[in-house]
Engineer: 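Here you go, one structure.
Naming convention: chains lettered A, B, ... in sequence-line order (proteins, then strands); numbering from 1 in each chain.
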There are 2 protein chains.
Amino acid sequence: MTNQSDNLDVSGRVPLDRQAMLRAMAAHVLQHGLSDASLRPLAKAAGTSDRMLIYHFGNKEALMAELLGYLANAYSEALDEALPTGRADSRGECLYSIAAATRGPQFAPYLALWWQIVAEASRGNETYRTSAREIMRRLLGWVEDFMPAGEADPAGAAQHVLTLVEGAQMLDAVGCSDIADAALARAITAD
Amino acid sequence: MTNQSDNLDVSGRVPLDRQAMLRAMAAHVLQHGLSDASLRPLAKAAGTSDRMLIYHFGNKEALMAELLGYLANAYSEALDEALPTGRADSRGECLYSIAAATRGPQFAPYLALWWQIVAEASRGNETYRTSAREIMRRLLGWVEDFMPAGEADPAGAAQHVLTLVEGAQMLDAVGCSDIADAALARAITAD
DNA sequence: GCACGAATGTAGCGCTTGCTACAAGTCTTT
DNA sequence: AAAGACTTGTAGCAAGCGCTACATTCGTGC
């Protein structure tokens, strides 16, 4: 029952260890997926023991919730870096830029993980659903901010773009990138 | 090493057993997901033993491949039943009808399974990827056939509709149906 | 009627799962 | 220096995993 989540002392040593563990575990999960996210492999990746993971995080569910939050942040930061700044010149360019950025190979590990999160969310797991919804909201906000300045309904347009891009990513995942490409090209010229 | 996949004798008893097993296992997987698709639960659902499943299907991978094929067929048939026949009157109606049909509650079990399949496919599992691609192709064909008669580019329009609908379904899965609804409404009025 | 292969039950192997009991270290506080 | 809290290693539990060895039953062809 003793874990140090409420340890806020000045030394800061314990929170640092926690962060280091989370960083290492996040890297492991990105590479190997949720199905290999059991205590012993995670502990090995973090350079510690399953015993210590339970000690630090309480139980596996709490660990996964925290790890998911960490990964959501990491994903957000990766997006911030990959996505263009400012505003698009047209709706078509907005769609194109965002699709191009998020479908790039550097996001493949995140997307592979993403679909596992969606699968869990779809099965009713509230931890994953909450995390996933938060990521979508954040992404939607980003798309909205990238909408061209003259856009009459930036929120609606962003929702449209997001839905298309996510559909395209799913088609990528199952090897139907041709369909995704055609759909996006059509949507871009239509705008 | 003895299994009867090549047993084509007239009695037909063995293939029947195989079909019955697949039917029962498919129902179980639809209800409980892939994560509960290990040999013992599957065997229990099929009224037999893990020992017999291995005997009949060789190993788990072969079993899952066959089960996935069975489920893809079942999904197709469910779609055939749920989707309207004939042709839509407009692109907007086409999108609306297909979204309404495939987002209905009767497809929730299929969709929960679908995202698990997508997750596996995205991680590089070829069995799942092949199965998923086949389902997408079939669905795309269906959408194309439902396009209004006057449509200049039915194939392209169908790809567009499919991408939007799949994006909407993903947003449903993570509890963002509001975004999906708005995106579809916008796409429908735009058409 | 008997022999042979197909079909099936029982038991178990080696491995991984989340988690715990117990003991021993280390570090801080008094 | 003693005491207590924090931290960690070792060993293990009960359950589940895919799969197999062995023995038995069953139906059919000679």
Engineer: So how far is it from B:T102 OG1 to B:Y110 OH, rounded to the nearest 0.5 Å?
Structural biologist: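 So the gap between those two atoms works out to 14.0 Å.
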Engineer: Could you tell me the separation between the CZ atom of A:R18 and the C1' atom of D:dC6, rounded to a whole number of Å?
Structural biologist: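 Nearest whole value for this atom pair: 15 Å.
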Engineer: To the nearest Å, how far apart are A:D36 CG and C:dG18 P?
Structural biologist: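 A:D36 atom CG is separated from C:dG18 atom P by 10 Å.
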Engineer: Between C:dC19, D:dT10, C:dG18, which nucleotide has the shortest distance from any of its atoms to the side chain of A:R51?
Structural biologist: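 Looking only at heavy atoms from C-beta outward on A:R51, the closest nucleotide is D:dT10.
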Engineer: For D:dT8, does either OP1 or OP2 sit under 4.0 Å from a side-chain N or O belonging to A:H56?
Structural biologist: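 Yes, within the criterion.
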Engineer: Could you state the atom-to-atom distance from NZ of A:K44 to C1' of C:dT17 in whole Å?
Structural biologist: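 The answer, rounded to whole Å, is 16 Å.
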Engineer: Does C:dT16 have OP1 or OP2 under 4.0 Å away from a side-chain N or O of A:S38?
Structural biologist: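 Answer no for this pair, as no side-chain N or O of A:S38 is under 4.0 Å from OP1 or OP2.
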Engineer: Does the pair B:R186 and A:D153 meet the rule for a salt bridge (charged side-chain N to carboxylate O under 4.0 Å, His left out), with working shown?
Structural biologist: CA-CA 10 Å; B:R186 187 185 172 94; A:D153 177 17; 3.5 Å; yes
Engineer: Find the distance between CG (A:D50) and CG (A:L63) and round it off to the nearest 0.5 Å.
Structural biologist: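 It comes to 11.0 Å.
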Engineer: B:L39 has a side chain; which of C:dC19, C:dA7, D:dC19 sits nearest to it?
Structural biologist: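 Of the candidates, D:dC19 comes closest.
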Engineer: Taking A:V161 as the fixed residue, which of A:R91, A:M147, A:E166 is the one that meets the side-chain contact (heavy atoms from CB on, under 4.5 Å) rule?
Structural biologist: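 Testing A:V161 for a side-chain contact (heavy atoms from CB on, under 4.5 Å) against A:R91, A:M147, A:E166 leaves exactly one candidate, A:M147.
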Engineer: Roughly how many Å is it from CG in B:D17 to P in D:dG27, rounded to a whole number?
Structural biologist: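 One finds 14 Å between P of D:dG27 and CG of B:D17, rounded.
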Engineer: Rounding to an integer number of Å, can you tell me how far A:I54 CD1 sits from C:dT17 P?
Structural biologist: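 Checked: the CD1 to P distance equals 13 Å.
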Engineer: Rounding to an integer number of Å, can you tell me how far B:M52 CE sits from D:dT25 P?
Structural biologist: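 It works out to 16 Å between those atoms.
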Engineer: By the 4.0 Å heavy-atom rule, please label A:N59 as base, sugar-phosphate, or nothing.
Structural biologist: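 Counting heavy atoms under 4.0 Å across all strands, the contact made by A:N59 is with sugar-phosphate only.
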Engineer: Which nucleotide wins on minimum distance to the side chain of A:K60, given the candidates C:dA7, C:dG18, D:dG18?
Structural biologist: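 Selected nucleotide: C:dG18.
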Engineer: Tell me: OH of B:Y55 to P of D:dA23, nearest whole Å?
Structural biologist: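 Going from OH in B:Y55 over to P in D:dA23 covers 18 Å.
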Engineer: Mapping A:R40 and A:T48 to their closest nucleotides on DNA chain D, which lands nearer the 5' end?
Structural biologist: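 So the residue in question is A:T48.
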Engineer: Within this structure, what is the CG-to-P distance between B:L53 and C:dT8, rounded to whole angstrom?
Structural biologist: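 After rounding, the reported distance stands at 11 Å.
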Engineer: Applying a 4.0 Å non-hydrogen cut-off, can you work out what A:S49 is touching in the nucleic acid: base, sugar-phosphate, or nothing?
Structural biologist: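 It contacts sugar-phosphate atoms only.
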Engineer: What's the closest nucleotide to the side chain of A:D50 if the choices are C:dC19, C:dT8, D:dT8?
Structural biologist: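 Among the listed nucleotides, the one closest to the side chain of A:D50 is C:dC19.
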Engineer: Salt bridge check, A:R138 against A:D80: does any charged N sit closer than 4.0 Å to a carboxylate O?
Structural biologist: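 Salt bridge absent between A:D80 and A:R138.
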